[in-house]
Amino acid sequence: MSYLLKQKKLILLPTLLAVFYNLYFGAFGNGMDIGFLLYADLLAGAAMAVFFMLDVYKFYREKRRKEELLRMDSLVWMEFEDSGESRIARHDAVILQRQLEAQFRMNCDLQDYMARWCHEVKLPLSAALLMNEKIADAALRHTQKEQLERIRQQLNMALLGAKAQSSLFDLQVRRVNLLDCVKTSVHNNQFFLIQKQFQIDLRVPETLVYTDRTWLVYLLDQLVQNAVKYAGAQPMLKIYTEDGEETVRLFVEDNGEGILESDVRRIFERGYTGSSHHNGKYKSTGMGLYLADTIAKRLEHPLEVESVYGEYTRFAVSMRRASNLTKM
């Protein structure tokens with residue numbers, strides 16, 4: 001059917017010529033032998049049949065070739081240099097390339113602006129935190145500090161989150177002490193851990209792994225903040241390791257709200273906040289775990305999650321073990 005639709009003009013023209021030919025000689029043939037007319041029609045029909053069989057074969061062969069090329073992950077317009085479509089395809093490719101380059105420059109400018117803005121805001125924020133310590137009213141001082149800490153937390157998330165989603169994502173993978181990264185992440189979130197009265201069970205030996213320290217700490221921050229956000233009545237945070245022959249698995253486990261079984265496979269999706277929306281108790285953007293998963297993939301650290309709703313949530317990050325600590 002697709003061939004008939006594509007080549008309808010090619011089929012219609014010889015069909016009309018054959019009809020007019022037979023009508024003409026039927027009306028004005030002046031006693032012309034009908035056998036001769038039928039013989040001519042037979043020869044013409046055979047020639048047309050051969051022509052269309054070859055054309056059908058060529059049509060479907062070209063169609064299969066195009067489908068194979070369209071499944072490739074590279075530019076394929078060069079394969080059609082001999083067709084009339086090549087100039088149009090080349091024109092569109094050039095235009096799209098210009099648009100992509102312009103968009104790339106805009107993204108780079110936006111990332112640079114975001115980085116500069118975040119660094120500029122950190123200065124007055126640090127000053128505000130220092131001034132907050134001088135407030136005599138303890139309740140007011142604590143309430144204001146909580147909001148300032150939230151601003152600092154979101155500021156860091158915005159800065160590194162913008163970099164994480166950029167094509168200019170910078171990695172400096174080297175041998176890093178895993179315990180130092182864990183302690184840094186706990187320190188980054190200490191205000192909220194203390195506020196929620198978390199019990200912390202830290203069982204991480206001094207182990208060297210291959211990673212980027214900055215991005216690993218940011219990844220751990222997202223997991224710790226997730227535990228804080230959905231903490232239970234008697235919150236507990238466990239961070240521990242499991243050694244393999246060539247890898248180290250770091251576990252971040254809490255006894256908070258947990259994740260519904262139907263949501264577990266989707267928690268790393270961008271903007272996903274869960275089917276229950278946490279009963280309206282939390283304001284979630286659905287970006288924290290998405291960014292954690294994005295960073296884990298770029299670091300080549302498989303990130304897994306296991307959870308029982310209402311009991312616990314356990315994240316596991318796998319990293320390649322480095323040489324012993326004495327060579328650091």
Side-chain angles (χ1 to χ4, degrees), residues 73 156-157 159-161 163-190 193 198-228 230 236-256 258-259 261 263-270 272 287-308 311-328:
D73 293 329
N156 290 332
M157 183 175 178
L159 177 59
L160 294 179
K163 290 182 179 181
Q165 297 180 84
S166 169
S167 57
L168 300 178
F169 188 88
D170 56 327
L171 284 178
Q172 296 181 1
V173 176
R174 53 171 59 96
R175 291 156 59 230
V176 173
N177 189 333
L178 182 58
L179 178 59
D180 288 345
C181 295
V182 172
K183 286 182 176 178
T184 299
S185 181
V186 171
H187 181 267
N188 290 344
N189 297 277
Q190 65 178 342
L193 290 169
F198 264 82
Q199 295 182 43
I200 299 178
D201 182 5
L202 186 61
R203 287 177 283 137
V204 179
E206 292 196 346
T207 304
L208 283 181
V209 295
Y210 286 111
T211 188
D212 182 297
R213 188 182 189 281
T214 300
W215 291 112
L216 179 60
V217 169
Y218 180 73
L219 189 159
L220 295 177
D221 282 347
Q222 303 310 309
L223 302 184
V224 172
Q225 288 168 21
N226 190 75
V228 170
Y230 307 121
M236 166 74 76
L237 179 64
K238 297 180 181 179
I239 305 178
Y240 55 96
T241 58
E242 180 183 274
D243 293 336
E245 292 185 5
E246 298 182 355
T247 61
V248 176
R249 295 186 77 200
L250 178 69
F251 294 91
V252 179
E253 180 180 337
D254 65 77
N255 63 343
I259 305 168
E261 185 178 355
D263 289 338
V264 169
R265 61 186 177 84
R266 298 192 60 192
I267 62 171
F268 296 125
E269 292 180 9
R270 181 176 185 144
Y272 189 71
M287 292 297 292
L289 293 180
Y290 162 75
L291 291 174
D293 185 55
T294 299
I295 293 166
K297 287 176 179 176
R298 298 205 185 185
L299 290 172
E300 297 184 358
H301 296 342
L303 177 61
E304 303 168 281
V305 60
E306 177 186 343
S307 182
V308 174
E311 295 186 20
Y312 72 90
T313 299
R314 181 189 302 127
F315 291 95
V317 185
S318 299
M319 290 158 280
R320 189 160 61 92
R321 182 191 298 279
S323 57
N324 59 51
L325 195 63
T326 57
K327 294 182 180 181
M328 186 172 179

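Predicted, not measured: the structure shown is a model, and the values here were computed from it.
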Just how far is it from atom [atom1] of [X] to atom [atom2] of [Y], taken to the nearest 0.5 Å?
X	Y	atom1	atom2	result
L223	D254	CG	CG	10.0 Å
E242	R203	CD	CZ	11.5 Å
T294	M287	OG1	CE	7.5 Å

Test of understanding: with salt bridge (charged side-chain N to carboxylate O under 4.0 Å, His left out), list the residues that count as partners of [X], not counting sequence neighbours.
X	value
R266	E269
R174	none
R265	none
K297	D293

Applying side-chain hydrogen bond (donor to acceptor under 3.5 Å, both in side chains), can you list everything that pairs with [X], at least two apart in sequence or on another chain?
X	answer
S307	T313
N188	D221
E306	Y312, R314

Apply ring-ring contact (aromatic ring centres under 6.0 Å, His included) to F251 and list each qualifying residue two or more places apart in sequence or on a separate chain. Y240

List the residues meeting side chain to side chain contact (heavy atoms under 4.5 Å, CB included) with S318, not counting sequence neighbours, and say none if there are none. R249, P302, E304

Mind checking what makes side chain to side chain contact (heavy atoms under 4.5 Å, CB included) contact with R213, not counting sequence neighbours? V176, D180, C181, T184, V217

Set out, in order, the CA-CA distance, both residues' side-chain angles and the distance that settles side-chain contact (heavy atoms from CB on, under 4.5 Å) for L291 and Y218, then state yes or no. CA-CA 9 Å; L291 291 174; Y218 180 73; 3.3 Å; yes

In the structure I gave you, are the side-chain heavy atoms of [X] and [Y] within less than 4.5 Å of one another anywhere?
X	Y	answer
W215	L171	yes
L193	V224	yes
L250	L220	yes

Under the criterion side-chain contact (heavy atoms from CB on, under 4.5 Å), I'd like the reasoning laid out for F198 against N189: C-alpha separation, chi angles, the key distance, then a yes or no. CA-CA 11 Å; F198 264 82; N189 297 277; over 6 Å; no

Closest non-hydrogen atom pair between [X] and [Y], with its separation:
X	Y	result
N177	L208	N-CD2, 3.7 Å
I239	V204	O-CG2, 3.6 Å
M236	N255	N-OD1, 2.8 Å
L219	A292	CD1-O, 3.6 Å
G244	R321	O-NH2, 3.3 Å
Y210	V173	C-CG1, 4.0 Å

D212 side chain to Q172 backbone, donor-acceptor under 3.5 Å: yes

Result for side-chain contact (heavy atoms from CB on, under 4.5 Å) between T241 and one of V209, L178, T207 points to L178

